[in-house]
Enquirer: 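Sharing a structure below in structure tokens format, with a few things to ask.
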Amino acid sequence: MDSTIVGILVIVVLVGYAVFSVLYKEKAGRKNARSGEDKARVRALLQKALPEEGPYTSLYVHMSLGRHAVTHYVYALAVQPEQDRLWVVSVGKEGDLLYPGKPFLLALDQLGSVYFSGTNRNVGDRLCTTDFYDRERNRIFRLEVSDFEYREDRYHWLNVYQPEEASVFFQMMERWAAEKPLPPKKGK
């Protein structure tokens with residue numbers, strides 16, 4: 001057999017294996033996420049960090065930001081649309097133990113503006129990015145929220161399927177962005 005054909009076959013097999021393994025991991029992640037075990041872990045983290053905060057919808061967020069040096073961020077969110085408040089709790093990990101960081105509050109009345117953009121994929125595959133700004137148009141914080149998070153590598157810690165919870169967040173952020181739109185930059 002010609003060495004070129006062997007090389008092509010090796011490449012096809014490697015690419016096929018890579019595609020299969022990614023699809024298999026995602027399918028296994030979806031199956032594990034539907035059990036709700038990791039979603040309960042997120043609720044427990046929020047209850048530990050916000051013991052007296054009343055009713056809220058809990059969300060798990062993993063973000064990877066950066067181009068050359070990627071930094072990973074993990075948060076638990078407590079969404080309170082009735083009070084126009086969003087609690088953000090950073091999540092740390094030591095071994096298999098997850099622990100909450102210090103919570104901070106994003107309240108609509110304290111923000112200057114909100115920019116919301118989302119994808120119109122099917123439920124279960126939606127993703128949105130929300131930027132929060134102060135009154136001087138300085139970005140305070142950015143969040144990327146999706147319906148589904150799964151363990152794909154050592155930086156992704158939980159399998160969480162959260163379309164209902166994400167819908168609550170998306171609706172609140174759409175309303176916030178409509179009430180406090182990001183004004184265009186002023187020319188010099």
Enquirer: What distance do Arg41 atom CZ and Leu98 atom CG have between them, rounded to the nearest 0.5 Å?
Expert: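 Atom-to-atom, Arg41:CZ and Leu98:CG are 4.0 Å apart.
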Enquirer: Measure the spacing between CG of Asp38 and CD of Gln162 and express it to the nearest 0.5 Å.
Expert: 11.0 Å
Enquirer: Are Phe169 and Leu86 packed together at the side-chain level, in the sense that at least one heavy-atom pair is separated by less than 4.5 angstrom?
Expert: yes
Enquirer: Under 3.5 Å, sequence neighbours excluded: what are the donor-acceptor pairs made by side chains of residues 174-183?
Expert:
residue: Arg175; atom: NH1; partner: Asp84; partner atom: OD1; Å: 2.8
residue: Arg175; atom: NH1; partner: Glu179; partner atom: OE2; Å: 3.4
residue: Arg175; atom: NH2; partner: Pro81; partner atom: O; Å: 3.4
residue: Arg175; atom: NH2; partner: Asp84; partner atom: OD1; Å: 2.7
residue: Trp176; atom: NE1; partner: Asp84; partner atom: OD1; Å: 3.1
residue: Lys180; atom: NZ; partner: Leu108; partner atom: O; Å: 3.0
residue: Lys180; atom: NZ; partner: Leu111; partner atom: O; Å: 2.7

Enquirer: So which pairs with a foot in residues 73-83 pass side-chain hydrogen bond (donor to acceptor under 3.5 Å, both in side chains), sequence neighbours left out?
Expert: Gln80-Arg85, Gln80-Trp87
Enquirer: Return the minimal non-hydrogen interatomic distance between Val61 and Glu144, and the atom names on each side.
Expert: CG1-O, 3.1 Å
Enquirer: What's the separation between atom OG in Ser117 and atom CG in Asp131, rounded to the nearest 0.5 Å?
Expert: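 Result: 7.5 Å between the selected atoms.
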Enquirer: Hey, could you give me the CZ/OH distance between Phe141 and Tyr133, rounded to the nearest 0.5 Å?
Expert: 13.5 Å
Enquirer: Take Thr130 and Val145, measure what side-chain contact (heavy atoms from CB on, under 4.5 Å) needs, and give me the verdict at the end.
Expert: CA-CA 8 Å; Thr130 309; Val145 175; over 6 Å; no
Enquirer: Got more than 12 heavy atoms from elsewhere within 6.0 Å of NZ, Lys48?
Expert: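 Check fails, neighbour count at 12 or below.
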Enquirer: What heavy-atom pair brings Gly101 and Ala49 nearest, and what distance separates the two atoms?
Expert: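 Result for this residue pair: O-CB, 4.5 Å.
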Enquirer: Rounded to the nearest 0.5 Å, how far does CG of Leu105 lie from CD of Gln110?
Expert: 6.0 Å
Enquirer: If we only count heavy atoms from C-beta on, is the Val42 to Leu158 side-chain gap below 4.5 Å?
Expert: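 Yes - at least one pair of side-chain heavy atoms lies under 4.5 Å apart.
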Enquirer: In Å and rounded to the nearest 0.5 Å, what is the CD to CG distance from Glu165 to Leu59?
Expert: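 CG of Leu59 is found 6.5 Å from CD of Glu165.
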Enquirer: Going by side-chain contact (heavy atoms from CB on, under 4.5 Å), name the residues that satisfy it together with Asn138, two or more places apart in sequence or in a different chain.
Expert: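 Per chain and number, Asn138 pairs via side-chain contact (heavy atoms from CB on, under 4.5 Å) with Asp134, Glu136.
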Enquirer: With a sphere of 6.0 Å drawn around OH of Tyr115, does it hold more than 12 non-hydrogen atoms of other residues, nucleotides or ligands?
Expert: no
Enquirer: Distance-only, no hydrogens or angles: does the Arg126 side chain make a donor-acceptor pair with backbone N or O of Pro163 under 3.5 Å?
Expert: yes
Enquirer: Would you say that Phe132 contacts Val114 through its side chain, given a criterion of any heavy-atom pair below 4.5 Å between the two side chains?
Expert: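 Yes, their side chains come closer than 4.5 Å.
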Enquirer: Compare every heavy atom of Ser146 with every heavy atom of Ala166, then report the nearest pair and how far apart it is.
Expert: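 Closest approach of Ala166 to Ser146: CB-O, 4.2 Å.
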Enquirer: Consider only side-chain heavy atoms of I, L, V, M, F, W and Y, link residues closer than 4.5 Å, and tell whether Tyr99 and Phe104 are in one cluster.
Expert: no
